[in-house]
Amino acid sequence: MIAPGSTLQTVLALIAVLALIMACAWLLRRVQRPQAGSGHPLRLRGQLMVGPRERVVLIEIADQWIVAGVSAGNVRPLAVLPRPGDAAPAESAAAAPLPDFRTLLARFGKQ
């Protein structure tokens, strides 16, 4: 037979553990959130899923864009492009909409 006090104690312990897990998740999201304008030289400008586990990403570093293929356990650079003159710099890119990645790839294919 289970005593009513031990059931209440178990439920309270379970609630405390769930609250601790939620607090840790909230804290991790706050810590890992990128800070806008913090001077990071790298910026992810866009990405396109090309398979269930594969994608093409566009990374901005200084005045260059790097097109890279990312798959499970492998990252391979595909091309290095100069940043277009009409693209917003990384500092103000947070407020600007991301460029259409398909258009960028089509433009790269014509060169």
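None of the values given here were measured: they were computed from a predicted structure.
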Practice prompt. First locate atom CD of Gln47, then atom CG of Leu58, and finally report the distance between them rounded to the nearest 0.5 Å.
Written response: 10.5 Å
Fill in: Path from Ile59 to Val75 over hydrophobic side-chain contacts below 4.5 Å
yes
Worksheet entry | More than 12 heavy atoms from other groups under 6.0 Å of CD on Glu54 | yes
Discussion item. Rounded to the nearest 0.5 Å, what separates atom OG1 in Thr10 from atom CD1 in Ile15?
Written reply: 11.0 Å
Worksheet item: Atom CZ in Arg43, atom CD1 in Ile61: separation rounded to 0.5 Å?
Response: 13.5 Å
Practice prompt. Answer yes if Leu14 and Leu20 sit in the same cluster of Ile, Leu, Val, Met, Phe, Trp and Tyr residues linked by side chain heavy atoms under 4.5 Å apart, and no otherwise.
Written response: no
Worksheet item: Is the number of heavy atoms from other residues, nucleotides or ligands under 6.0 Å of Met22 CE greater than 12?
Response: no
Worksheet item: How far apart are the closest heavy atoms of Pro52 and Met49, and which atoms are they?
Response: O-CE, 4.1 Å
Worksheet item: Among the clusters formed by ILVMFWY side chains lying less than 4.5 Å apart, do Val31 and Trp26 turn up in the same one?
Response: yes
